[in-house]
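All figures in this text were calculated on a predicted structure; none of them were measured in a lab. Residue numbering restarts at 1 for every chain, and letters A, B, ... go by the order of the sequence lines.
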2 protein chains.
Amino acid sequence: MTHSQLRPPTMADVARQAGVSHQTVSRVLGDHPNVRDETRAKVLRAIEEMGYRRNFSARALATRRTRTLGVVASNTTLYGPASTLFALEEAARAEGYLVSTVSLRRLTVKTLSEALDRLSEGGVEGVVAIAPQRSAVEALAELRHPFPVVAVGTGSGAGVPSVNVDQNLGARLATGHLLAAGHRRVWHLAGPEDWQEAVDRVEGWRAALAEADVEPPMLLRGDWSPLSGYRAGQELAGWVGRGLTAVFVANDQMALGVLRALREAGVRTPQDVAVAGFDDIPESEFFAPPLTTVRQDFATVGKRSIALLLDLIEGRTPSGASQVSIEPQLVVRASTFPYLPQPGVAPG
Amino acid sequence: MTHSQLRPPTMADVARQAGVSHQTVSRVLGDHPNVRDETRAKVLRAIEEMGYRRNFSARALATRRTRTLGVVASNTTLYGPASTLFALEEAARAEGYLVSTVSLRRLTVKTLSEALDRLSEGGVEGVVAIAPQRSAVEALAELRHPFPVVAVGTGSGAGVPSVNVDQNLGARLATGHLLAAGHRRVWHLAGPEDWQEAVDRVEGWRAALAEADVEPPMLLRGDWSPLSGYRAGQELAGWVGRGLTAVFVANDQMALGVLRALREAGVRTPQDVAVAGFDDIPESEFFAPPLTTVRQDFATVGKRSIALLLDLIEGRTPSGASQVSIEPQLVVRASTFPYLPQPGVAPG
DNA sequence: GCATGAATTGTTAGCGCTCACAATGACGTC
DNA sequence: GACGTCATTGTGAGCGCTAACAATTCATGC
C-alpha cells in the first residue's frame, strides 16, 4: 500500500500505472488466455501496489449479471430452515454466486411479496423461496417477478418449480414402523393446518393406517413448539389405558414436549407409549429417551434447489425435473424400542 | 402487462411512454418533491403498464452505493448464530440494506479471508463477522479490506469494533446462583479452548468461585455438542458423592447430554446434582428437568451491530462506543430448584 | 404588462466496467 | 519480399442510471 486516496483506484488507474490499456487489465482479471506473461505480471504488480479491487456495480452493469441469488425464508432459527439456508448458500457459493437473504417473521402474501420486491431491487438473478405455509404457495404462483423462483417445502402441487422432501413418505415410514412394532393404532400430533408439510404428514399417517386397515384415532394439533407438544402430551396422557400406545409427532420439538408431559404423568416411554418424531434435530438423540424420528437431507435440498434455479436462470432446460422430490430416512432410537444402543455408540 | 420483450424496459423506455424525460422518471422513483402530481401519475402509470423495475447495477454504479451489507458466520444451524443472523438481517432491512451471507463450516484465517474477498467482490459496503473463534479474531485485525468490519462474539479484546454479550457476567450469574443455593463448589464443563466465549465463561466461573473463596474443581472440556456433554456427564457421574453437587455447563446442548448421562447413572437432577446451562435455546424449558440457563439477547446484538456498522460506513462518529457490551440474563428453572413451576405456566 | 423568483422539466456528462472490433507486431510460407 | 496468420494489445461505444446544471413554465406583485 504505497498511497491511499479518497476515491478507490479504477481500472484505468491501474492501466496507467502498468503502462497498458484498461482493457488489458480487464483481460488479466478475467483470466483471458492471450496476454503475454510479462504483461500479466506488470498488471498484477500494479494491482497489488494500488490495492485495486474491481468495482462490482460497473462490472454488473456491463455484463448484465450480478451473480447474486436471493433467498426468502421464515422461522430461520429453527433447525430445518436454518439447515436449508446453510445448504443453499454453500451450494450457491460453489457455483460462484452470492446469496442475499430476507428472513421473515411471518410468511404472508404481503411479506413474501415485499421480500421479492426487495430482492428484485437488490438485483438478484433468481430466488429460492423457503415457503412451507400454504398461503405463501399461492402467492408465489400469482406474483409476477422478473426472475425465476424455485420453491422449497411447498409440496409439489403448485405450478411453481419446487424441491421437496417427500413428507408423505416420511410419515408413512414413521407410522409403519410403529405398526410393524406391534402397535394396534398410532395417534398423531400434527403441525399447523396451513403448513403444507403438516398436511402431507397427516396424509402419510392416514395412508399408512389405511394400508393396515386401521381406523385413524383423534387428530391432535400443535404449532411446532415444544410447549404445544407439552399441552398435547398432557391430553394424550389421559388416553393411556384406553387404546393409546403409540404417537407419531409431526416434529421433534413437539415430541420433546410430549415426552415431558408423559413423563410427568407417570407414563413410561417406550414401555407404555412409543413416540416418534420428525426432523432429527441434533438434540433428538439425547432426549429422554432418545427419539425415533425421520431425517431430512437438507444438504441435498439445497444443492438441488440451486441447480434447478441456475438451470432456469441460464435458460437451459432443467437437467432434472422441475419438481424435485427427496426421500427422507427413518432413524430408529429408544423412544420406540427400549433395547437400542446408547448415544454416540455406533450400532454393529 | 401489455407486451413482454426480451430486454427488460429501461428508464428511457418508460420516459418515452409517459412523454417525459428519463430524469423525470428518476425523480418520481426517487420521491423527489418537485414533480407535478399529474406528471407523477403519468409516469407511475407507464411504470405499471410496462412492469418497469429500476436496474440495480446502474443505480449502484451512479450512486456509488449498493446498500448491501455482508455477514460472515459459521455454525449457522446452531441456535445462537442462527438467531444472530436473523436479528442482523432484520435490523439491516429496517435501515434499507440488503444482507449477503457467507456461511462457513469452519472459521479459519483462510476461510474468513476468502469470505471477505468474496463479499468484497459482491460489492458490500460493510461486513459483520460473527467470529467467536479466537483465531478468527486475530485474522480480522490483520486483514485489509476496503470496507468497515464489525465483529460479533469475539470479545472486546481485539482492536476491531465489536459487539458482545458479556459472557463473563453470564457465567458469574449462573455460578453465583448455584453458590447462593447452598452448593459448596460448582464444577464447569467448558466449550472449546479456541472459542473466546468459552474462555470468557471459564473466567467468569473462576471469578465467581474466587469471590466465594472456593478452590475451582477440575475443569472439563466439550465441543458444544450434546454428545460431548453426554461423555462429560458420564465422567461427572463418577464424582457424585465425592463433592460434586452442582455443574455449570457452558451451553444448553451439552447440558442436555449431561442431564442424560446423569439420569442413566441413577443421579437425580436437581436433588443430587444441580445443572445450569447457557444460551436458553427454545428446548431448554422442556428438558428433563427444565434447565436453568443464561439468556442472551440476540435481537439487541443484531441491532447494535448494524447500528455500529452503519455509523462506520456513513463516516459518522459511532453514536455509541465502538465496543458494545450487552448484559445477559439468568433464567432459573427446575434443574437447579425442584419446586419451580411447570412449563408454559407463568410464575405468579 | 412585465420583471422576479420558485416550481417543474430537460440536457448533458459521467459512474467503471466489458464487449466488439480495429490495430499492431511477430512469424512462417511460397 | 509480399502475404497470410496468429497472438497480443488498443480503441470506442455502450450498459442504465443519477447528479449537476440549464431551460422552461407558472404564479405573483407592482
Determine: side-chain N/O of [X] to OP1/OP2 of [N], distance under 4.0 Å, yes or no.
| X | N | result |
| --- | --- | --- |
| B:S21 | C:dG10 | yes |
| A:R59 | C:dT18 | yes |
| A:T63 | C:dC17 | no |
| A:R54 | C:dT18 | yes |
| B:Y52 | D:dC17 | yes |
| B:S26 | D:dT18 | yes |

To the nearest Å, how far apart are [X] [atom1] and [N] [atom2]?
| X | N | atom1 | atom2 | answer |
| --- | --- | --- | --- | --- |
| B:M11 | D:dA19 | CE | P | 11 Å |
| B:H32 | C:dG10 | NE2 | C1' | 13 Å |
| B:R36 | C:dT9 | CZ | C1' | 9 Å |
| A:N55 | D:dC17 | CG | P | 17 Å |
| A:H22 | C:dC15 | NE2 | C1' | 15 Å |
| A:R7 | C:dC17 | CZ | P | 13 Å |
| A:L29 | C:dC19 | CG | C1' | 16 Å |
| B:Q23 | C:dT9 | CD | P | 12 Å |

Heavy atoms only, 4.0 Å cut-off, all strands: where does [X] land among base, sugar-phosphate and nothing?
| X | value |
| --- | --- |
| B:T39 | sugar-phosphate |
| A:F56 | nothing |
| A:N34 | base |

* Select one nucleotide: of C:dT9, D:dT18, D:dG16, the one nearest the side-chain heavy atoms of A:L61. => D:dG16
* Out of D:dG10, C:dC17, D:dG16, which has the shortest distance to the side chain of B:T10? -> D:dG16
* Examine the base of D:dG16 for any acceptor or donor lying under 3.5 Å from a partner atom in the side chain of A:R64, and report the outcome as yes or no. => no
* Asked: Donor-acceptor pair under 3.5 Å: do we get one between B:R27's side chain and the base of C:dG10?
  -> yes
* Do A:L116 and A:V72 have side chains that get closer than 4.5 Å, going by heavy atoms? -> yes
* **Test item: B:N55 side-chain N/O and B:A58 main-chain N/O as donor-acceptor pair under 3.5 Å** => yes
* Asked: Of B:P33 and A:A62, whose closest DNA chain C nucleotide lies nearer the 5' terminus?
  -> B:P33
* To do: Could you walk me through whether A:V160 and A:V150 pass the side chain to side chain contact (heavy atoms under 4.5 Å, CB included) test, one step at a time?
  => CA-CA 7 Å; A:V160 181; A:V150 167; over 6 Å; no
* **Single hit among A:L88, A:N164, A:I130, A:V163 for side-chain contact (heavy atoms from CB on, under 4.5 Å) with A:V301** => A:V163
* Heavy atoms of other groups near A:R105 CZ, more than 12 under 6.0 Å -> no
* Inspect the contact between A:R53 and B:E121 and indicate whether a charged nitrogen and a carboxylate oxygen are less than 4.0 angstrom apart. => no
